[in-house]
Amino acid sequence: MEISIREKEYRAAEEYILSIPKFTSKNSPKLTRSFYEFLNKPGSKSLIFHVAGTNGKGSVCSYLHSVLTKEGILTGMFTSPHLVTMRERMKVGKEMITKEEFLRYFNKVMAALKIFRSKKGMEQYHPTFFELLFFISMVYFEERNPEVIILETGLGGRLDATNVVKSPKVCVITEIGFDHMEYLGSTLEQIGEEKAGIIHSGCKVVFLKKRQEVTEVIEKRVQQVGALCKSVSKPENPAISFVDKTIDFSFTSRYYGDIPIRLNTVAGYQAENAALALTALEESQIKLTKESMISGIRECFWPARMEEIFPGVFLDGAHNEDGIEAFLKTAALDECKGVRWILFSAVADKEFTKMKEMICSSHLFGQIYVCCLKNARGLKKKELEHIFSGEKVKLIENTKECLEEILRLKKKEDLVYIVGSLYLAGEVKEYMEQSLKV
C-alpha cells in the first residue's frame with residue numbers, strides 16, 4: 001500500500017522526536033519556562049490538575065479525566081509514557097490527538113523554536129524529548145480550549161517541564177517510593193522533595209498518606225509556599241473479585257456522604273488512586289453529580305494496569321519495587337485453580353535484582369519466563385542470565401516468541417501475568433495490534 005505524503009510527514013516528525021535524546025541534554029527550568037512563555041503560555045487559561053508521584057500518576061489522571069468527561073466537561077490530558085504511539089500522551093475528550101493534528105502542532109512549535117532561537121540568541125537551545133511533547137500538547141490544548149487540563153509529570157516534579165505551569169488549581173501527589181534514584185535522590189525524603197516541587201502558593205494539594213517521612217516533606221512544602229492540603233488514606237478493605245473482575249469500596253464524599261464505588265479492574269492498588277482522584281475533584285470545587293463520580297470511575301480504562309488482554313492473561317505495568325509489591329499482593333488473591341505463569345523483563349536503570357528476588361521469593365509462580373526488550377535500555381541476554389542464575393526460569397530473547405510459547409502451553413485454568421517494564425507492556429500491545437490485523 002502506498003503511503004500518503006501526509007503520513008510520510010507524520011512519520012518523519014515522529015522519527016525526529018525519537019532522535020532528540022541523541023543531540024540534546026536536559027535544559028534548565030528557566031530556559032524551559034522562557035520558551036513556554038514565548039509560546040504565550042498555551043493552556044494556562046484552563047483549570048489545571050497537576051499530578052506527580054512514583055506510582056499511580058497515570059491512573060489518577062485517567063480517573064480524573066473519565067469523571068470530568070462523564071460530567072460533560074471538555075478536558076485535555078497529557079500523560080507519559082506511551083505504550084505504542086506517542087499520540088497516546090495527548091487527549092482532549094475521549095479521543096487522542098490525530099496524526100494530522102499532531103503534525104500541525106509539531107510544525108507550529110518547531111517554527112516558533114526557530115524564531116525563539118534567533119530572537120533570544122540561543123541557537124543551541126532545543127527542547128528535550130519530553131519537553132517537546134509537552135509543548136506540542138499545550139499548543140494543541142490552547143486551540144481546543146478545554147475547560148480543564150490534567151498534567152502528569154515525567155519522572156520528577158520540581159525540575160519537570162510541566163512545572164512551568166505555576167498556577168494549578170489542584171496538585172495531586174500519589175504514592176512515593178524508590179525509583180529514578182540517580183536523578184531524584186537516594187532517600188524517600190529527597191524523592192518526596194522533588195515530587196513536592198509542583199506545589200505552589202495558593203493551590204490545593206491532595207496526597208496519599210502512606211509513609212510518614214513523605215507526609216512530613218509534603219506538609220513542610222505546603223507550609224513554606226502557603227498552599228492548602230488534604231491527605232487521603234487507602235480505602236479500608238476494598239472487595240476484590242477475580243470472578244467479576246471488579247473492586248468495590250466506599251468513598252466518603254463531602255457532598256454526598258458515603259458513595260459505593262466500583263472499579264472494573266482487579267488491581268488492588270487502584271482503589272487508592274481512585275480515592276485520590278475523587279478527593280482532588282472535590283477539592284477543585286468543580287460541580288459534579290454523584291452519578292458522574294460513580295459512572296466515571298466505573299467506566300474508566302487505563303491500559304497495562306492488571307489489564308486482562310487475553311482470557312486469563314494479565315498485563316501490569318509494575319516496574320519498580322513498590323509496583324511489584326502491589327502486584328504480588330493482588331496476584332496472591334486470584335484463587336488460581338491451575339498454575340501461575342509470569343513473564344518478566346526490565347530496563348537496566350531499575351532495581352531489577354530486587355524485583356527479581358521479590359518475584360522468586362513469593363513462590364506464587366510455577367512457570368517463570370524472562371525476555372529481552374527491543375528498547376536500548378532493556379537488559380541484555382547475558383545480564384538476565386546472570387540475574388536469574390540458580391532460578392528455574394526460561395529465557396527467550398524475543399518478546400513475541402516468548403508470549404506465543406506461553407499462550408500455546410498455558411492451560412485454561414492457568415493464569416499468566418506479564419510485568420516488569422512499560423516497554424514490555426508496549427511490545428505486548430504492539431503484538432496484539434499486529435495479531436488483530438492478520
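All values derive from a computational prediction rather than experimental measurement. The first residue of the sequence shown is numbered 1, and numbering continues consecutively from there.
- Distance alone, capped at 3.5 Å, places no donor-acceptor pair between the Ser118 side chain and the Lys114 backbone.
- A salt bridge does not link Lys287 with Glu71: none of the charged nitrogens is closer than 4.0 Å to a carboxylate oxygen.
- A salt bridge does not link Arg158 with Glu193: none of the charged nitrogens is closer than 4.0 Å to a carboxylate oxygen.
- By the neighbour-count criterion of 12 heavy atoms within 6.0 Å, atom NZ of Lys41 is sparsely surrounded, having that number or fewer from other residues, nucleotides or ligands.
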Note to self: Pair Asn273, Tyr63 - check side-chain contact (heavy atoms from CB on, under 4.5 Å), show working.
What the structure shows: CA-CA 8 Å; Asn273 292 326; Tyr63 284 128; 4.2 Å; yes
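- Under a 3.5 Å cut-off, the side chain of Asn163 and the backbone N or O of Leu159 do not form any donor-acceptor pair.
- Of the residues listed (Ile73, Ile286, Leu288), the one engaging Val67 in a side chain to side chain contact (heavy atoms under 4.5 Å, CB included) is Leu288, and it is the only one.
- For Phe130 and Phe78, the ring centers sit closer than 6.0 Å to each other.
- With respect to Arg87 and Glu101, no salt bridge is recorded, no charged nitrogen being found less than 4.0 Å from a carboxylate O.
- There is no side-chain donor-acceptor pair under 3.5 Å between His200 and Ser167.
- Closest approach of Pro168 and His50 over heavy atoms only: CB-CB, 4.0 Å.
- Remark: the backbone N or O of Ser80 is paired with a side-chain donor or acceptor of Glu152 at under 3.5 angstrom.
- One finds the CG atom of Leu155 at 9.5 Å from the CD atom of Glu194 (value rounded to the nearest 0.5 Å).
- Counting non-hydrogen atoms of neighbouring residues, nucleotides and ligands closer than 6.0 angstrom, the NZ atom of Lys230 reaches no more than 12 such neighbours.
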Going through the checks in order, is the ring-ring contact (aromatic ring centres under 6.0 Å, His included) test met by Tyr369 and Phe344? CA-CA 6 Å; Tyr369 276 68; Phe344 174 86; over 10 Å; no
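- Taking the six-membered ring where the residue is Trp, Phe327 and Phe365 present parallel rings, their angle staying beneath 30° rather than reaching 60°.
- Between Glu325 and Lys329 a salt bridge is recorded (basic side-chain N to carboxylate O distance below 4.0 Å).
- With 3.5 Å as the limit, one finds a donor-acceptor pair spanning the side chains of Ser59 and Gln270.
- Note on Arg11 versus Glu15: no salt bridge recorded, every NZ/NE/NH1/NH2 to OD/OE distance being 4.0 Å or above.
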**OP:** For salt bridge (Lys or Arg N to Asp or Glu O under 4.0 Å), just list the numbers for Arg6 and Glu100, CA-CA rounded to whole Å, side-chain angles, deciding distance to a tenth of an Å, and then say yes or no.
**Re:** CA-CA 8 Å; Arg6 206 64 175 167; Glu100 291 76 13; over 6 Å; no
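- Considering all non-hydrogen atoms of both residues, His319 and Ser421 come closest at CB-CA, 4.1 Å.
- Between the side chains of Asn27 and Glu131, at least one donor-acceptor pair of N or O atoms lies under 3.5 Å.
- Ion pairing between a basic and an acidic side chain is recognised when a charged N comes within 4.0 Å of a carboxylate O; Arg211 and Asp322 show such pairing.
- Donor-acceptor pairing under 3.5 Å is recorded for the side chains of Tyr10 and Glu14.
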Practice prompt. Run the numbers on Met432 and Phe310 for side-chain contact (heavy atoms from CB on, under 4.5 Å), then give the verdict.
Written response: CA-CA 10 Å; Met432 290 172 62; Phe310 299 111; 3.9 Å; yes
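- Met96 contributes atom CE, which lies 8.5 Å from atom NZ of Lys99 (distance to the nearest 0.5 angstrom).
- Side chain of Ser46 to main chain of Pro146: a donor-acceptor pair is present (N/O by atom type, distance under 3.5 Å, no hydrogens or angles).
- Using a 3.5 Å distance cut-off with no hydrogens or angles, the side chains of Ser253 and Glu282 do pair a donor with an acceptor.
- No side-chain N or O of Glu219 forms a donor-acceptor pair with one of Gln223 less than 3.5 Å apart.
- Proximity of a side-chain donor or acceptor of Thr32 to a complementary backbone N or O of Ser28 within less than 3.5 Å is detected.
- No side-chain donor from either of Tyr269 and Glu175 sits under 3.5 Å from a side-chain acceptor of the other.
- The shortest heavy-atom contact between Ala112 and Leu39 is CB-CD2, 3.5 Å.
- Smallest separation of non-hydrogen atoms from Ser137 and Met90: OG-CG, 2.9 Å.
- Here the CG atom belonging to Leu228 is positioned 8.0 Å from the SG atom belonging to Cys203, to the nearest 0.5 angstrom.
- Formation of a donor-acceptor pair under 3.5 Å by the Asn264 side chain with backbone atoms of Arg298 is found in this model.
- Within a 6.0 Å radius of CD in Glu123, more than 12 heavy atoms belonging to other residues, nucleotides or ligands are found.
- Contact between Ala267 and Ile247 at its shortest, heavy atoms only, is O-CD1, 3.0 Å.
- Listed for the Thr75 side chain is no donor-acceptor partner under 3.5 Å among the backbone atoms of Leu68.
- Checked by atom type and distance alone, the side chain of Thr85 never pairs as donor or acceptor with a backbone atom of Glu88 at under 3.5 Å.
- Between Tyr16 and His126, the ring centre distance stays below 6.0 Å.
- Across Phe49 and Ala280, no two heavy atoms sit closer than the pair CE2-O, 3.6 Å.
- Open room surrounds CD on Glu95; 12 or fewer heavy atoms of other groups in view lie less than 6.0 Å from it.
- Annotation: side chain of Leu278 is in contact with side chain of Ile297 (closest heavy-atom distance under 4.5 Å).
- Between the Glu427 side chain and the Leu424 main chain, no donor and acceptor come within less than 3.5 Å of each other.
- Between the side chain of Arg117 and the backbone N or O of Tyr125, at least one donor-acceptor pair lies under 3.5 Å.
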